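Note that the structure is a prediction, hence the values are computed from the model and not measured.
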Amino acid sequence: MYVHFPFCAARCTYCDFASVAGSDERIEPYLAALEREIASFQPAAPQRVDTVYLGGGTPSRMSGAEVRRVLAAVKARFDLGEDAEITLEGNPESLVPEALEAYREAGIDRVCVGIQSLDDRVLAAVGRLHDASQAVEALERSRAAGFRSVGLDLIAGLPGEDLRSWARTVRAAAALGPDHVSVYLLETDKDTPLARSLRASRIEVADDDALARAYEESADVLEAAGLPAYEISNFARPGHESRHNLKYWTDAPYAGFGLGAHAYLGGERRANVRDLDTYLARLDAGQDPVLTSEAYDPVRRAGEALILGLRRLAGVDLDAIGARYGIDLATRHREAWERAESAGLLERAGRRARLTRWGRLRCNELFLELI
């Protein structure tokens with residue numbers, strides 16, 4: 001289950017998520033609407049939930065009481081297992097000791113700290129409200145608070161980031177002792193302030209070759225630090241892989257609540273509205289906040305299962321996915337497999353296929369063919 005909390009103190013220039021800044025007075029009506037949405041969700045849906053992910057936005061802007069309220073709504077509608085993984089995303093400036101203690105007492109067992117960079121100039125340029133020292137302190141506080149797992153996020157290629165020293169940045173992050181690290185390469189194809197500035201030539205960002213080198217350096221450094229990759233962008237100590245995100249990558253069903261949230265359940269894909277006024281008005285009127293819904297097409301779903309599964313270093317079982325959707329994937333995509341193998345992007349052994357490290361950097365070319 002994914003639960004979205006869209007409120008932020010400020011909106012980062014690279015952000016494409018459904019979020020709003022400077023509207024804290026609307027948190028209370030939003031939580032009330034969220035409770036109604038969860039309570040009324042598909043009565044026939046499975047009851048058992050074993051992962052909950054509070055994402056945003058900035059979920060760490062919630063108080064401990066508000067987190068407890070959200071989880072109470074989940075427990076009132078679903079069977080939340082005792083061993084459920086419950087994750088909260090947070091920004092350094094709001095992960096203060098009293099909040100962390102309250103989150104742990106509310107049931108959060110996994111925290112992801114959005115560090116993004118350890119360069120103060122870069123952080124300021126993209127609208128982050130913390131500096132590098134605050135990021136380090138937030139991670140240390142999170143570890144001291146006693147959560148089962150503590151992770152951090154980095155973004156390679158932000159404007160002003162000197163990727164020639166990126167390996168040093170990743171080593172510094174790994175030295176903080178995280179259980180999980182996500183390293184994302186900057187995306188500039190979305191409609192964000194950063195992307196618009198790039199298109200208008202007001203800023204410059206690293207080219208693809210520099211990003212490729214940064215990715216390979218990240219993988220080398222984190223592997224050496226005991227955080228091997230288990231997915232293209234994600235590295236973890238053994239036993240600390242994100243169980244929640246593995247649901248997406250293994251084609252498992254999931255529910256989604258809140259502004260802009262997605263769900264894939266009962267053979268249907270759903271996406272909620274991204275406008276806060278519309279979301280609140282619909283829930284106030286007892287209406288569904290879903291903007292789009294579609295029954296899955298087996299061919300499309302098989303392609304999506306392939307590209308999500310190939311993001312995992314373990315790769316995919318072509319026969320298993322093919323049987324799920326009634327498609328012979330080895331035959332259907334024979335030319336794509338052969339081209340990818342000859343280009344060094346893919347390895348196949350029997351019924352399994354997995355990306356090479358080079359393939360992880362060039363995977364979009366293969367993925368386009370598969371869908």
Side-chain angles (χ1 to χ4, degrees), residues 85 87 89 110-119 122 132 135-136 139-140 142-143 147-158 161-187 206-250 307-317 340-341 343-349 352-364 366-367:
E85 175 193 89
T87 303
E89 288 181 339
R110 184 172 180 273
V111 170
C112 292
V113 186
I115 288 179
Q116 320 308 10
S117 172
L118 289 173
D119 186 317
V122 173
V136 170
L139 193 81
E140 292 172 343
S142 298
R143 290 187 58 79
F147 296 100
R148 180 189 62 80
S149 191
V150 175
L152 62 85
D153 296 348
L154 295 170
I155 300 178
L158 290 171
E161 187 80 65
D162 184 358
L163 291 183
R164 292 172 297 181
S165 60
W166 181 250
R168 187 161 62 246
T169 295
V170 180
R171 278 194 292 270
L176 299 173
D179 301 302
H180 189 282
V181 176
S182 298
V183 180
Y184 301 107
L185 304 184
L186 179 67
E187 295 183 358
D207 62 23
D208 289 346
D209 287 339
L211 287 172
R213 287 192 297 273
Y215 177 81
E216 295 197 286
E217 289 173 342
S218 299
D220 289 338
V221 168
L222 293 171
E223 174 81 32
L227 293 145
Y230 69 99
E231 190 269 350
I232 288 178
S233 300
N234 290 276
F235 307 77
R237 301 190 191 282
H240 290 274
E241 299 84 358
S242 170
R243 286 165 49 193
H244 180 85
N245 286 338
L246 283 167
K247 299 281 189 179
Y248 303 135
W249 301 322
T250 55
I307 67 174
L308 289 169
L310 282 169
R311 291 186 62 89
R312 298 172 60 228
L313 264 69
V316 294
D317 183 323
E341 283 185 284
L345 306 183
L346 189 79
E347 298 172 338
R348 283 198 297 172
R352 296 201 65 84
R354 64 188 294 269
L355 295 174
T356 63
R357 181 185 281 195
W358 177 238
R360 290 182 237 163
L361 288 166
R362 299 292 298 276
C363 59
N364 283 345
L366 172 61
F367 291 171

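- In this structure, Trp166 and Val221 have side chains that are not in contact, with every pair of non-hydrogen atoms separated by 4.5 Å or more.
- The distance from atom CG of Leu186 to atom CD of Glu161, rounded to the nearest 0.5 Å, is 10.5 Å.
- Residue Arg237 holds its CZ atom at 9.5 Å from CG of Leu222, rounded to the nearest 0.5 Å.
- Here the closest heavy-atom approach between residue Leu163 and residue Gly157 is recorded as CD2-N, 3.8 Å.
- Not a single salt bridge (Lys or Arg N to Asp or Glu O under 4.0 Å) links Arg352 to another residue, sequence neighbours left out.
- Listed here is the closest heavy atom pair of Leu246 and Thr250: O-OG1, 2.6 Å.
- For the atom pair CZ of Arg312 and CG of Asn234, the computed distance is 12.0 Å after rounding to the nearest 0.5 Å.
- Taking every heavy atom of both residues into account, Ile115 and Ala135 meet most closely at CG1-CB, 3.8 Å.
- With sequence neighbours excluded, the residues satisfying side-chain hydrogen bond (donor to acceptor under 3.5 Å, both in side chains) with Arg164 are Asp162.
- Here Arg143 pairs with nothing under the side-chain hydrogen bond (donor to acceptor under 3.5 Å, both in side chains) rule; sequence neighbours left out.
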I'd like a table of donor-acceptor pairs (distance under 3.5 Å, sequence neighbours excluded) in which one partner is a side-chain atom from residues 167-177, with atom names and distances.
none

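- The side-chain contact (heavy atoms from CB on, under 4.5 Å) check on Glu85 picks up Thr51, Thr87, Asp109, Arg110, Arg148, Ser242, Arg243, His244, with sequence neighbours excluded.
- Rounding to the nearest 0.5 Å places OG1 of Thr356 at 6.0 Å from CG of Leu345.
- Heavy atoms only, all atoms of each residue included: Ala214 and Ala156 are closest at CB-CB, 4.3 Å.
- Distance CG/Leu355 to CG/Leu310: 5.0 Å, rounded to 0.5 Å.
- In this structure Asp179 satisfies the side-chain hydrogen bond (donor to acceptor under 3.5 Å, both in side chains) test with no other residue, sequence neighbours excluded.
- Residues passing the side-chain contact (heavy atoms from CB on, under 4.5 Å) test with Ile307, sequence neighbours excluded: Phe367, Leu370, Ile371.
- Judged purely by atom type and a 3.5 angstrom limit, Tyr215 uses its side chain to pair as donor or acceptor with the backbone of Ile232.
- Nearest heavy atom pair, residue Leu313 against residue Arg360, reads CD2-NH2, 3.8 Å.
- Under the salt bridge (charged side-chain N to carboxylate O under 4.0 Å, His left out) criterion, the residue pairs touching residues 208-228 are Asp220-Arg357, with sequence neighbours excluded.
- In this view, Glu347 and Arg354 satisfy the side-chain hydrogen bond (donor to acceptor under 3.5 Å, both in side chains) rule, not counting sequence neighbours.
- Between atom CG of residue Leu185 and atom CG of residue Leu211 there is a gap of 5.5 Å, rounded to the nearest 0.5 Å.
- Remark: of the listed residues Tyr230, Phe147, Phe235, Tyr230 is the sole one forming a ring pair (Phe, Tyr, Trp, His ring centres under 6.0 Å) with His180.
- For Ser233, the side-chain contact (heavy atoms from CB on, under 4.5 Å) test picks out Tyr184, Glu231, Arg311, with sequence neighbours left out.
- The minimum heavy-atom distance between Leu154 and Ser117, with the atom names listed, is CD2-N, 4.3 Å.
- Listed by chain and number, the residues in a salt bridge (Lys or Arg N to Asp or Glu O under 4.0 Å) with Asp119 are Arg121 (sequence neighbours excluded).
- Annotation: salt bridge (Lys or Arg N to Asp or Glu O under 4.0 Å) contacts of Glu187 (sequence neighbours excluded): Lys190.
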Where do Leu227 and His240 land on the side-chain contact (heavy atoms from CB on, under 4.5 Å) test, with the steps shown first?
CA-CA 9 Å; Leu227 293 145; His240 290 274; over 6 Å; no
